[in-house]
Amino acid sequence: MSLLKLMIFLPVLMLSAFTGTADGYYTYGMSECVYSASDYSDMVYLVSYSFNKAVDLQYNSTVGKFVGSTEQGVKMAENFNNNPAYLQQRKAQVDGYCKHNAQVLDSAVRDKAVQPKISLKSVKQAGGSHPAVLMCSAYDFYPKKIKVSWLRNGKEETSDVTSTMELADGDWYYQIHSHLEYTPKSGEKISCVVEHASSTKPIITDWDPSLPEPERNKIAIGASGLVLGVIIAAAGLIYYKKKSSGRILVPN
Ligand SMILES: *[C@@H]1O[C@H](CO)[C@@H](O)[C@H](O)[C@H]1NC(C)=O
């Protein structure tokens with residue numbers, strides 16, 4: 001299980017002074033909140049000040065003071081570190097800024113799990129020596145963490161299973177596709193099992209080996225056409241019978 005790492009970047013101060021047209025100077029400050037525990041017990045507040053591309057100094061709430069990394073930065077760090085009130089204020093940001101914002105963001109985004117839409121279909125029919133392939137797809141789920149597995153007659157099937165990564169759709173949602181290669185046997189039951197934060201129970205989709213959907217549609221359309229044809233033919237026949245019998249009944 002990979003730790004969920006969330007970082008909040010917030011430019012505190014951005015100041016650019018441009019001289020002339022081409023060259024310029026860029027000085028900026030950045031504050032970050034870094035954590036992975038859901039109770040925020042490992043929350044770290046970082047502040048860094050940079051000039052052009054070089055970081056001059058950084059505050060790390062675990063260290064509790066500023067550390068300079070350039071000649072100028074060392075001097076600035078010394079200044080800040082000699083100001084206990086200022087350091088106290090930085091430290092207070094762990095709760096007042098980081099944990100507060102993390103709570104707001106988590107309830108707005110991270111805790112909003114969206115259940116995947118599952119599609120289970122045959123991508124290759126068995127024939128000759130090659131086995132059949134089923135594809136189980138999960139679409140439009142959030143967050144990213146998901147488990148897709150296969151059951152064959154109630155037992156987890158792990159061999160001949162391949163899966164894509166969780167693919168980002170670019171709109172916060174993800175999709176994933178898992179393939180099962182198998183040699184069909186009559187009477188067996190194959191299911192795709194999806195486990196995700198959006199559902200307390202695994203989402204189980206059973207494979208219906210009868211006929212793939214396009215085939216079913218073709219049969220349905222054909223059957224409707226046949227029924228319609230029979231009705232029209234019957235109507236025509238009844239009409240013809242009535243007409244012809246009507247003629248016969250007319251006395252000479
Ligand atoms: C902050 O300081 C702690 C303790 O020295 C260190 O483990 C951690 O990596 C530092 N964080 C960053 C982002 O530099």
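Counting convention: from 1, in listed order, for ligands and their atoms alike. These figures come from a predicted structure and were not determined experimentally.
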With no hydrogens and no angle check, is any side-chain donor or acceptor of Asp169 less than 3.5 Å from a backbone partner on Asp171?
no

Write down, by chain and number, every protein residue that brings a non-hydrogen atom to less than 4.0 Å from an atom of ligand 1.
Leu46, Asn60, Thr62, Val63

Is it true that atom NE2 of His100 has more than 12 heavy atoms of other residues, nucleotides or ligands lying nearer than 6.0 Å?
no

Is it possible for you to say whether Trp207 and Met135 belong to one hydrophobic cluster, with membership spreading through side-chain heavy-atom contacts below 4.5 Å?
no

Give the minimum heavy-atom separation between Lys144 and Glu166, together with the two atoms involved.
O-CG, 3.4 Å

Ser191 and side-chain contact (heavy atoms from CB on, under 4.5 Å): which single residue from Leu120, Ile204, Asn153, Thr205 fits?
Ile204

Starting from the C-alpha separation in whole Å, work towards a yes-or-no answer on ring-ring contact (aromatic ring centres under 6.0 Å, His included) for Tyr139 and His177.
CA-CA 9 Å; Tyr139 293 100; His177 308 272; 5.5 Å; yes

